[in-house]
Each structure stands twice: as structure tokens, then as C-alpha cells.
**Student:** 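Okay, here's the structure, questions in a sec.
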Amino acid sequence: MVTTFKDYEYQRPDMESLKTEWNKHLTRFRQAGSADGQDQEIRELNRLADDFSTASNLVYIRSSIDTNDAYYEGQRDYFNEIGPEFDELNTAFYKELVASPFREELEKRWGSQLFTIADQKIRSFSAEAIPLLQQENKLASEYAKLIASAQIEFDGKTLTLAQLGPYTQSTDREIRKVANEARFGFFAEHKKEFDGIYQKLVEVRHQIAQILGYKDFVDVGYLRMNRIGYDREMVKNFREQVKRHIVPLATRLYERQAARIGVDSLTYHDEGLNFVTGNAVPKGDPEWIIENGKKMYDELSPETSEFFRFMMERDLMDLIAKKGKEGGGYCTFIDNYDSPFIFSNFNGTSDDIDVLTHEAGHAFQVYSSRNIGVPEYIWPTSEAAEIHSMSMEFFTWPWMEQFFKEDTEKYKFSHLSSALLFLPYGVAVDEFQHIIYENPGMTPDDRKAAWKKLESEYLPHRNYEGLEYLEEGGFWQRQAHIYEVPFYYIDYCLAQICALQFWKRSREEREAAWADYLQLCRLGGSLPFTELVKEANLLSPFEDGCIESVIGPITEWLDAVDDRAL
């Protein structure tokens with residue numbers, strides 16, 4: 001009989017016992033007289049790390065599904081406390097690993113990427129910072145709970161922020177307007193709390209950077225994200241290319257949208273509607289979507305068929321928006337059960353299908369590399385991981401008719417254009433965080449002013465119609481990454497450029513493109529981002545001319561569509 005997610009057993013780690021056993025194996029590693037001896041101890045330490053990761057992920061999933069579950073909320077608080085203590089143990093191992101007298105032989109067995117990751121982790125951690133790391137975890141959880149607490153009275157119902165989503169895409173302009181006012185009304189009502197949490201996060205993160213010996217938290221953020229082979233100057237150059245090549249194109253796309261939906265000037269609440277006849281929406285309920293998803297993945301490839309059936313048989317997806325559930329979507333991995341898990345908030349919009357393909361792209365990758373043998377390689381670094389998710393969105397295009405029927409062309413036009421429209425916002429979020437952490441003394445008002453300036457550069461079309469909270473520069477506070485995972489955002493932009501290359505190739509040489517994608521998934525995180533991109537026969541987004549090479553075919557495709565007729 002197949003064991004399903006509800007039967008996955010959570011065992012709360014006893015930190016004292018874990019420390020004792022960990023240090024026993026670390027001593028044996030240090031004293032081993034051969035690479036074989038050290039290799040054996042690495043495997044034992046990996047087993048302990050898998051146990052800890054399994055417990056941590058089960059707690060994270062179950063508490064995010066229901067933030068009112070007192071038991072798992074309590075366990076999440078516990079992991080906020082012990083997480084940095086486990087990082088201390090892991091860092092001690094990494095220090096021994098990089099100093100091993102048998103390093104050359106171990107690198108041949110485990111790959112050099114493990115040693116590069118170890119070095120990054122060593123440089124981003126200090127035992128002295130543990131109390132601050134615990135505080136940082138608590139503050140990030142506070143933000144998630146605040147978002148999950150939203151109960152907005154609208155249309156005679158009490159809705160979460162996710163459940164409000166469909167109203168922001170209504171064909172009735174007044175409904176879109178009041179729905180957005182209700183959404184940002186929640187943020188405005190809790191403005192002091194959002195400001196306060198972020199103020200404390202910036203202060204704590206700056207203190208962590210100082211303890212680690214860095215000028216500012218940007219260096220720490222890059223180390224935490226395992227940015228290997230590129231630096232903040234290369235990222236800055238990428239942002240400049242987006243500003244130069246994508247922002248003018250995005251502005252034209254917004255002008256097309258205004259004409260398409262029949263408004264003189266696009267406002268912030270118009271952005272959610274793509275067509276005057278309404279956006280493309282799935283033509284069935286969540287169960288119908290999943291059944292069609294199974295058919296799609298059965299037909300896409302033998303590998304995706306096996307993967308998706310595994311997910312369904314073990315009930316490894318929690319997809320529907322409900323009260324008390326955290327916002328957003330994610331994919332994680334439960335090590336001891338070799339199981340990816342997909343979390344999202346279906347709300348009846350096309351986002352439901354994007355989640356089914358995007359998060360399933362993550363899940364398919366980690367499923368494909370789950371037996372790679374090195375825990376650090378199961379996932380690649382984030383900018384590489386997002387290639388799998390965003391590219392899966394495009395590889396599944398031939399099956400979109402199953403979900404959208406007569407609205408398929410609407411969906412494809414919106415999906416491809418939104419891939420471009422996202423890029424200016426994505427780099428704005430990245431630049432914003434550089435500004436914030438390079439200037440930790442800024443006040444909440446200073447930060448909002450900085451965001452407003454970035455909006456004028458990257459999103460010059462934005463019109464908030466005098467809505468005070470947004471006019472002040474508060475829009476960024478809805479972006480969970482900024483609070484919870486600093487600097488995790490340019491990753492989406494870099495990956496989007498790679499995914500758009502896969503979109504182009506899938507139309508020209510589908511079999512070869514899919515074979516490269518499959519190989520990319522199987523490689524997991526065994527190589528750094530730029531080398532993974534090369535292995536997939538893609539151009540690096542950092543190469544001059546890469547962005548331009550993608551824009552041409554996309555613009556040609558979009559221009560060939562009579563979008564007003566959709």
C-alpha cells in the first residue's frame with residue numbers, strides 16, 4: 001500500500017542528541033586516515049541532515065496549510081529557534097570538509113560544487129550571530145502570519161487575499177477598482193505592522209553582516225543564495241539591459257492592453273484584465289484541473305507521467321485557497337520520503353494552471369535528481385531552479401486547450417506577454433533590496449520613496465489614481481520574498497530569459513529542447529548556474545546580446561496576434 005502525505009511521520013528533533021551524534025561522526029571524519037573513511041562519515045552526516053530536513057519541511061508544510069493549527073505553529077516556532085543551531089553544526093562539517101587532506105579525492109567523488117557551496121556557507125555563518133538569526137526567522141514568520149490573517153469582507157463573503165484575486169480580473173472596471181482598494185486597504189490598515197517588521201528585519205540583517213565582517217548585508221544575501229560565478233556588478237548590468245530593451249517594449253504592451261480593454265489610460269486596477277471579454281480562465285474545478293494535468297503529463301513524456309502519478313498517488317499537493325492558509329505557492333522536498341510537495345492557492349484564475357506547470361516544474365526537477373547522492377545537489381541554486389519551473393510553463397503549451405478550450409489563444413497571448421512584463425518589476429524588486437541593504441539607516445518613508453523612484457524608471461506606466469498607500473510607495477510590501485528570503489528575486493528574471501529561450505527552441509526543435517531540459521533537471525545542483533545554462537545549450541543571461549536574441553521572436557509572435565479580436 002502506498003504511504004500518503006498525511007501518514008508521513010513527523011519526529012521532533014532532540015537537538016542535544018543530534019549534536020552529540022553529529023559531533024561523533026565529525027570527530028571520526030577528522031580522524032579518518034583515508035578518503036574512504038571520510039566518505040563513510042559524510043554519508044552518516046548526510047543521513048542526519050536528511051532527518052532534520054524531513055522534520056523541518058513537514059512542519060513548514062503543515063503549518064502553512066493551516067496557520068491556525070496550534071501544534072504545528074508551535075513546532076514552526078521551535079524550528080525558528082533550532083534552525084540556526086543546525087546551521088552551526090553543518091558549518092562545522094563544511095569547515096572540516098574544505099580542509100580535508102583527502103580533498104582532491106573527495107572532489108572526484110562528490111564534485112567540486114559541494115566544496116564551493118561549503119565555502120559559501122562558511123562565509124555566511126557565525127555562531128555569534130545565532131540569536132540574530134533566530135530573531136530573523138521569527139520576524140519572517142510574523143510577516144507570513146500577518147498575510148494569512150487577512151479576512152476581507154467583499155461581495156457578501158469573508159475572503160483571503162488569494163480568494164480576492166478573481167475580482168481584480170473582473171470585466172467590470174468598478175469591481176476591479178473596489179477589489180484592489182480592498183486588497184491594498186488591508187495593507188494600509190496594517191501599514192505600521194508591515195513597516196515595523198521590515199524595519200526590524202533590516203536592522204537584524206545589517207547586524208548579522210557586521211558580525212560576519214561585511215560592509216553590508218548584500219554580500220551576505222549573495223552568499224546565502226549561493227551566487228556562484230557572478231557578482232552584484234554583473235547583476236547591475238543585467239538590470240540595465242532590462243531597462244534598455246524590455247521597459248520600452250513593456251510600455252508598448254501596456255498601451256496595447258489599454259486599447260484592447262477599451263480604456264483611455266491604464267490604471268493599476270486595469271492591469272489585471274487582459275481582454276474586454278474577460279481573461280482566460282480554467283473551464284473546470286480543481287479536481288478537473290488535476291485530472292487534465294494527469295493527462296497532460298502522461299502525454300508530455302514517460303518521465304513526467306511517472307512523476308505526476310507519484311504526486312497524485314501520495315497526495316503531495318495542497319492546492320485550494322482557504323481561510324487560515326498562507327498565501328502564495330511553493331514546492332519543497334521531503335527527503336526521507338523522496339517526495340516533492342506542491343503548495344498553492346487555486347482561486348479560479350489562469351494562475352491555477354500556471355501553478356500546475358510552474359510548481360510542477362520545480363517538483364519534476366527535484367524528483368528527477370532526488371537520487372543524485374549529495375543532499376546539496378538535490379536542488380540547484382535558485383536562479384537555476386527557476387529555469388525548470390518557468391520552462392515547464394512553456395513546454396506544456398500544446399496542452400493548454402485542455403484547460404482553456406475556446407480561450408486558449410487568450411491564455412497564450414497573456415502568458416507570453418506577461419513573461420516580458422514581469423521582467424521590469426522583477427529587476428525593480430532586486431534593485432530595491434540593494435538600495436535598502438546598502439543604506440540600512442533609511443526610514444520606512446525613505447524606503448517607500450526609493451520604491452516610487454524605481455517604479456518611475458521600470459514601471460513608468462503605473463497609475464495609482466491617488467490611492468494613498470500606493471502613491472506613498474507601499475506596493476512592494478505585498479512581495480513576500482522581500483521579507484522572507486532577501487535577494488531571492490533576480491533569480492526569476494535570469495531564469496525567465498532562459499525559459500524564453502526554451503520557448504523559442506521548443507517551437508523550432510522540440511525534441512532536442514526537451515532532451516536538454518530533461519538533462520538539466522537530472523543534473524540538479526551539481527554545477528553552478530552559468531555552467532548548468534551551458535549544459536542545457538542556452539545562452540547565459542549575463543552575455544551581452546542574450547536578451548535581444550530572445551526579444552525578436554517573442555515580439556514577432558505577439559505582433560502576429562490580433563489581440564483585439566480575442
Side-chain angles (χ1 to χ4, degrees), residues 143 180 183-184 187 194-195 198 201-202 216-218 221-222 225 227 230-255 257 266-272 328 382-383 386 390 417-440 442 444-464 467 469-497 499-500 541-542 546-547 550-551:
Y143 173 84
N180 272 288
R183 173 202 279 174
F184 289 107
F187 285 90
F194 284 114
D195 284 346
Y198 197 62
L201 278 168
V202 172
D216 58 46
F217 183 76
V218 179
Y222 273 52
M225 295 302 298
R227 303 254 157 95
Y230 63 97
D231 56 24
R232 61 172 103 178
E233 283 306 309
M234 291 169 74
V235 170
K236 182 181 178 183
N237 182 51
F238 175 79
R239 292 196 305 258
E240 288 300 319
Q241 286 191 62
V242 170
K243 190 183 291 187
R244 189 160 59 249
H245 299 297
I246 305 288
V247 170
L249 178 56
T251 300
R252 288 199 296 279
L253 284 171
Y254 283 121
E255 286 167 357
Q257 184 179 352
L266 205 70
T267 68
Y268 77 103
H269 56 75
D270 292 322
E271 288 181 36
S382 298
E383 72 290 84
E386 296 302 340
M390 291 176 156
S417 57
S418 68
L420 288 181
L421 294 174
F422 164 75
L423 290 164
Y425 173 73
V427 296
V429 168
D430 181 68
E431 187 167 338
F432 176 69
Q433 294 187 87
H434 280 80
I435 292 167
I436 298 310
Y437 291 111
E438 286 170 2
N439 301 279
M442 292 174 100
D445 286 345
D446 292 336
R447 293 185 192 110
K448 288 172 183 169
W451 177 256
K452 280 296 287 181
K453 183 173 184 297
L454 290 170
E455 280 187 327
S456 69
E457 294 171 13
Y458 289 105
L459 305 158
H461 69 283
R462 277 248 161 113
N463 172 10
Y464 290 129
L467 190 69
Y469 174 76
L470 296 177
E471 294 286 7
E472 287 174 351
F475 186 91
W476 61 271
Q477 292 187 323
R478 65 183 286 277
Q479 195 61 62
H481 301 69
I482 294 174
Y483 284 80
E484 297 175 10
V485 201
F487 290 100
Y488 189 169
Y489 220 71
I490 197 69
D491 313 76
Y492 294 107
C493 302
L494 296 170
Q496 189 70 275
I497 296 298
L500 289 169
F542 294 117
C546 175
I547 289 179
V550 174
I551 289 172

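Quick note: numbers below take in every heavy atom, side chains included, and nothing from hydrogens, waters or symmetry partners.
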**Student:** Is it true that a side-chain atom of Asp231 and a backbone atom of Met234 form a donor plus acceptor pair closer than 3.5 Å?
**Tutor:**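 Checked: pair present.
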**Student:** Can you name the closest pair of heavy atoms from Ala428 and Tyr458 and give their distance?
**Tutor:**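 Ala428 and Tyr458 have their closest heavy atoms at CB-CD1, 3.9 Å.
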**Student:** Can you classify the ring geometry of Trp476 versus Tyr483 as parallel (below 30°), tilted (30 to 60°) or perpendicular (above 60°)?
**Tutor:** parallel
**Student:** For Asp195 and Gln477, run side chain to side chain contact (heavy atoms under 4.5 Å, CB included): C-alpha distance rounded to whole Å, both residues' side-chain angles, the deciding distance at 0.1 Å, then the answer.
**Tutor:** CA-CA 8 Å; Asp195 284 346; Gln477 292 187 323; 2.8 Å; yes
**Student:** Do you know the tightest heavy-atom contact between Leu420 and Ile246?
**Tutor:** O-CG2, 3.6 Å
**Student:** Does any pair with a residue in residues 484-493 pass side chain to side chain donor-acceptor pair (under 3.5 Å), and if so which ones, sequence neighbours excluded?
**Tutor:** Arg227-Asp491, Glu386-Tyr488, Gln479-Tyr489, His481-Tyr492
**Student:** Show, in sequence, the C-alpha distance, side-chain angles and deciding distance for Phe187 and Leu470, and conclude whether the side chain to side chain contact (heavy atoms under 4.5 Å, CB included) test is met.
**Tutor:** CA-CA 10 Å; Phe187 285 90; Leu470 296 177; over 6 Å; no
**Student:** Work out which heavy atom in Pro486 is nearest to a heavy atom in Gln433; give both atom names and the distance.
**Tutor:** CA-OE1, 3.4 Å
**Student:** Could you check whether any side-chain N or O of Glu383 sits under 3.5 Å from a backbone N or O of Ile490, counting only pairs where one atom can act as donor and the other as acceptor?
**Tutor:** no
**Student:** Among Glu255, Glu271, Gln257, which residue satisfies the side-chain hydrogen bond (donor to acceptor under 3.5 Å, both in side chains) criterion with His461?
**Tutor:**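 Looking at Glu255, Glu271, Gln257, the match for His461 under the side-chain hydrogen bond (donor to acceptor under 3.5 Å, both in side chains) is Glu271.
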**Student:** Quick check: closest heavy atoms across Phe475 and Arg478, and the distance to 0.1 Å?
**Tutor:** O-CG, 3.1 Å
**Student:** Quick check: closest heavy atoms across Ile435 and Asn439, and the distance to 0.1 Å?
**Tutor:** O-ND2, 2.8 Å
**Student:** On a heavy-atom basis, which atom in Val247 and which in Lys243 lie closest, and how many Å separate them?
**Tutor:** CB-O, 3.4 Å
**Student:** So, Asp216 and Arg232, do they make that salt bridge, N to O below 4.0 Å?
**Tutor:** yes
**Student:** Who passes side chain to side chain contact (heavy atoms under 4.5 Å, CB included) against Glu471, sequence neighbours left out?
**Tutor:** Lys452, Tyr464
**Student:** Measure the CG-CG distance between Leu467 and Asn180 for me, rounded to the nearest 0.5 Å.
**Tutor:** 8.5 Å
**Student:** For Phe217 and Ile436: C-alpha separation, side-chain torsions, deciding distance, then whether side chain to side chain contact (heavy atoms under 4.5 Å, CB included) applies.
**Tutor:** CA-CA 9 Å; Phe217 183 76; Ile436 298 310; over 6 Å; no
**Student:** Do Arg244 and Glu240 meet the salt-bridge criterion of a basic N to acidic O distance under 4.0 Å?
**Tutor:**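 Result for this pair is no, no salt bridge flagged.
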**Student:** State the CG-OH distance between Asp430 and Tyr425, to the nearest 0.5 angstrom.
**Tutor:** 12.0 Å
**Student:** Would you compute the distance between atom CZ of Phe432 and atom CZ of Arg447 and round it to the nearest 0.5 angstrom?
**Tutor:**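 Interatomic distance, Phe432 CZ to Arg447 CZ, rounded to 0.5 Å: 7.5 Å.
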